[in-house]
Structure formats: C-alpha cells, structure tokens
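See structure below.
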Amino acid sequence: MYKILVTKELAPKVKLFEVAAPEIAEKAKPGQFIILIIGKTGERIPLTITGYDRKKGTISFVFNEVGKTTKQLGLMEEGECIETITGPLGNSSEIRNFGNVLCIGGGVMIAPMFLQVQALKEAGNKVTTVIGARIKDLLFFEDEMKAHSDKLYVTTDDGSKGYKGLDFLGKILAKEKFDHCVAMGPVVMMKNICEKTKPFGLRTIVTLTPIMVDGMGMCGVCRVTVAGKMKFACVDGPEFDGHAVDFDGLIKRQRLFLPEERLSSLLWEKLGGCTCGGN
Ligand SMILES: Cc1cc2nc3c(=O)[nH]c(=O)nc-3n(C[C@H](O)[C@H](O)[C@H](O)COP(=O)(O)OP(=O)(O)OC[C@H]3O[C@@H](n4cnc5c(N)ncnc54)[C@H](O)[C@@H]3O)c2cc1C
Ligand code: FES
C-alpha cells in the first residue's frame, strides 16, 4: 500500500500526488514511469515520475483526469492508500552536457519535463524551455521553469497566453543553433515538433505514451514502430528518436479502445463514481 501524502490541483483536472514509496524513490531517475493500480481490481495505468526525494522516500506524479481510472484517482485524498505502484519502469533519460538544449513540454507532460529541465541545467547545459497548453488556464509550473531555464517561451493553442500554437518554433530554430531537443506531450504535438526540428538536423527525443498493460515487455500492447522496427515502449523506451517514430501508427493504436474507454467512464459515473478501484 502506498500512502498519498500530498495532493495539489495544478490546473483544472490536473493533479499532483506525492506518495510514500521509498523503494521506488531510491532508484527513480528522470524519464522513468510507474504503473499504479488504485484498488484490488482496478486497471493498471502508467504515469511518468515527476519528482522523487530519496531522503523522504517519496515520489510524485502528475495526472490528467481523462478517463475512468484517472478520474477515480483524482477523487482520492491525502492519507488514503493506492493499492499497488510498480516502478521505476522504462529507461531513464540521457542527461549530460549537450551544450545548448531545447526542452518542450505540453499539457500534463509539462510536469515531467520540469524534472528534465532541472537535470539538464544541473548537467551544465544552456536550457531554453517551451511550455504549452490548449488554453492559459491549463498552464502550470511557469515560475519554476523560469527559475531553472535560461529562456522560457509560453504557448497556447488558442493564443490566450504567449505565442499561438507552435509555429514560432521555426523562427527560434532558424535564429539559434541547438545541440539537443527533448519533447514531451500529446502525440500530435510531438509529431508537429519533430516535423519542425528535422529540417534543422536537431536530434529530438520524444516520450511515447502508447497503451500499456504489464510495462515489462511481455504483453506487446505498447508496440511502436521506430526506424521501421517494432519496439516496446515500456522496455525499449519510453524515449525514442522522434525523427524515426511512426507517429500516425501510434495515434491509431492509442485510439483502438476509445468506445470502450468512453463507455467505461460513463458507466462508472452513472453508478455514482467511487474510488474503490473495481471495474
Ligand atoms: C509511459 C507513459 C507515461 C505516461 N505518463 C503520464 C503522465 O505523467 N500523466 C498523465 O496524465 N498521463 C500519462 N500517461 C497517460 C495515462 O497513462 C493515461 O491517460 C491513462 O492510462 C488513462 O487512463 P483512464 O482510465 O483514466 O482513461 P481511459 O479511459 O483509458 O482513456 C481516456 C482517454 O485517454 C486516452 N488515453 C488512454 N491511454 C492513453 C495513453 N497511454 N496516452 C495518452 N492518452 C491515453 C484515451 O485515448 C481516451 O481518450 C502516460 C502513458 C504512458 C504509456
Ligand atoms: S506494456 Fe506490455 S510489453 Fe510494454
């Protein structure tokens, strides 16, 4: 059992949880993820580790309430316990002094990007950060990012704050030479970024979030195509060279169970919605 120590709403339907998990905190590194099960019979959901404190024995993660399980999780309170958390899973990010680095975090993935920004800055890089969301109310960690970045750009899809959309990236890339780029966010956003960085030959590492089940390379559900080869995002990733990723294939696979996911969330809400974790 993993006790929830702190809950914080960062934006509407976006929550940060800090949880007691000493054995995960001991080994966690930027870029890795956990898989949690809320109750005894709940589904397994992967979430990226957004922070860890080895002394306190805690980890944190940030999640968007998009479907049944994340909505259930969002109802949990400080002091309650999550049944199981497995991790840290996946490979950690490559953190070293690349030189001039561009970090782009979109939506809920702004949170794990903050961990990368801190680590890349500590490794001696010059860090330019871009954070983006659909609308200004969904932006968070702006001050924190500013404090750890040499430059910060803000963007929203509707232009309610900062630049409108990601087109301004082209201008930045034309003006300044970057040695390394990391992008985390919705798949469509990462695809868009890779199309912009490719002409500049800027290696772009993306975090892939396909549907996962075991997270240990056994079920094959998380398969993605990278450089024409099948990879399992949970054990071969979750970070990959974005210029080699088949994003369209990933988008198709992410939508495979959309009707079932919608039905499951609807039924759960109709039945009154609880945090017991059952299906
Ligand atoms: C390695 C990895 C790391 C992730 N890190 C985070 C994180 O830090 N924070 C966070 O909020 N989410 C993260 N996700 C996505 C998260 O796992 C899903 O949002 C979650 O499983 C949805 O569960 P649900 O039952 O609430 O919604 P579901 O009913 O399963 O789905 C509801 C909606 O969310 C979409 N969805 C489902 N699974 C995914 C997915 N894997 N990626 C994107 N969209 C999905 C569905 O297409 C549907 O539209 C990560 C996924 C992976 C694979
Ligand atoms: S989630 Fe099963 S192989 Fe990756």
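One-based numbering along the sequence shown. Numbering of ligands and ligand atoms starts at 1, following listing order.
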| request: Could you say whether the N/O atoms of Leu208 and ligand 1 ever approach to under 3.5 Å? | output: no
| Just going by heavy-atom distances, which of Ile34, Leu47, Val221 is nearest to atom 10 (C) of ligand 1? | Leu47
| Side chain or backbone of Val62 under 4.0 Å from ligand 1, or both, or neither, by non-hydrogen atoms? | backbone
| task | May I ask you to list the atoms of ligand 1 that are less than 4.0 angstrom from any heavy atom of Glu43? | result | 24 (P), 25 (O)
| message | Does any N or O of ligand 1 fall below 3.5 Å from an N or O anywhere on Gly67, backbone included? | response | yes
| field | Polar contact flag, side-chain donor to acceptor under 3.5 angstrom, Thr70-Glu65 | value | no
| task | For Pro210 and ligand 1, answer yes if some heavy atom of the residue is under 4.0 Å from a ligand atom, otherwise no. | result | yes
| task | Examine Phe200 together with Phe178 and report whether their ring centres are nearer than 6.0 Å. | result | no
| task | Do me a favour and list the nearest non-hydrogen protein atom to atom 5 (N) of ligand 1 with residue, atom name and distance? | result | Thr48 OG1, 2.9 Å
| said: Check this for me - ligand 1, Asn64, N or O atoms closer than 3.5 angstrom, yes or no? | reply: yes
| query | Which of the atoms in ligand 1, numbered in the order shown and given with their element, are less than 4.0 Å from a heavy-atom of Thr70? | reply | 24 (P), 26 (O)
| Mind checking whether His148 and Phe114 have parallel, tilted or perpendicular rings, split at 30° and 60°? | perpendicular
| No-hydrogen, no-angle side-chain donor-acceptor test under 3.5 Å, Glu239 and Ser93 | yes
| task | State whether the number of non-hydrogen atoms from other residues, nucleotides or ligands found under 6.0 Å of Lys121 atom NZ is greater than 12. | result | yes
| note | Looking only at heavy atoms, the pair that brings Asn125 and Gly99 closest together is OD1-N, 2.9 Å
| request: Please check if a non-hydrogen protein atom sits closer than 4.0 Å to atom 18 (C) of ligand 1. | output: no
| query | Can you list the atoms of ligand 1 that are under 4.0 Å from a heavy atom of Ile45? | reply | 21 (O), 23 (O)
| Which heavy atom in Asp137 sits nearest to a heavy atom in Ala11, and how many Å separate them? | O-CB, 3.6 Å
| task | Answer yes or no: is there an ion pair linking Lys191 with Asp248, defined by an N-O contact shorter than 4.0 Å? | result | yes
| Are any of the protein's heavy atoms under 4.0 angstrom from atom 7 (C) of ligand 1, yes or no? | yes
| task | Give me the protein N, O or S atoms that fall under 2.8 Å of atom 4 (Fe) of ligand 2, sorted by chain and residue number. | result | Cys222 SG, Cys234 SG
| query | How far apart are the closest heavy atoms of Ser264 and Lys68, and which atoms are they? | reply | OG-CD, 3.2 Å
| query | Counting from 1, what ligand 1 atoms have a heavy atom of Thr209 closer than 4.0 Å? | reply | 2 (C), 3 (C), 4 (C), 40 (C), 41 (N), 42 (N), 50 (C), 51 (C), 52 (C), 53 (C)
| Chi angles and distances behind the side chain to side chain contact (heavy atoms under 4.5 Å, CB included) call for Lys126, Glu176 | CA-CA 12 Å; Lys126 180 182 171 201; Glu176 190 170 345; 3.1 Å; yes
| Protein heavy atoms: any of them under 4.0 Å from atom 48 (C) of ligand 1? | yes
| If every non-hydrogen atom of Cys103 is compared with every non-hydrogen atom of Val127, which pair is closest and at what distance? | SG-CG1, 4.0 Å
| query | Have Thr197 and His243 got a donor and an acceptor in their side chains that come within less than 3.5 Å? | reply | yes
| said: Between the side chains of Arg44 and Asp214, is the shortest nitrogen-to-carboxylate-oxygen separation below 4.0 Å, so that they form an ion pair? | reply: no
| task | Return the residue, atom name and 0.1 Å-rounded distance of the protein heavy atom closest to atom 44 (N) of ligand 1. | result | Gln254 NE2, 4.1 Å
| Tell me: protein heavy atom nearest atom 15 (C) of ligand 1, and distance? | Pro46 O, 4.0 Å
| task | Please work out whether the ring planes of Phe63 and Phe17 are parallel, tilted or perpendicular, with thresholds of 30° and 60°. | result | perpendicular
| message | Using every non-hydrogen atom in the two residues, find where Ala28 and Ile49 come nearest and quote the distance to one decimal. | response | CB-CD1, 4.0 Å
| task | Search all heavy atoms of Ala119 against all heavy atoms of Ile95 and return the closest pair with its distance. | result | O-CG2, 3.5 Å
| remark: For atom 22 (C) of ligand 1, the closest protein heavy atom turns out to be Val66 CG2, 3.9 Å
| query | With a 4.0 Å cut-off on heavy atoms, does Gln72 reach ligand 1? | reply | no
| query | Can you tell me the protein heavy atom closest to atom 35 (C) of ligand 1 and the distance? | reply | Glu261 OE1, 4.4 Å
| query | Heavy atom under 4.0 Å from ligand 1: found in Val108's side chain, backbone, both, or neither? | reply | side chain
| field | Residue, atom name and distance, where the atom is the protein heavy atom closest to atom 38 (N) of ligand 1 | value | Ile211 CG1, 4.4 Å
| request: For ligand 1, indicate whether the residue Glu65 contacts it via side chain, backbone, both or neither (heavy-atom separation under 4.0 Å). | output: neither
| request: Answer yes or no: does atom CZ of Arg54 have more than 12 heavy-atom neighbours from other residues, nucleotides or ligands under 6.0 Å? | output: yes
| task | Go through ligand 1 atom by atom and flag the ones less than 4.0 Å from a non-hydrogen atom of Met212. | result | 1 (C), 53 (C)
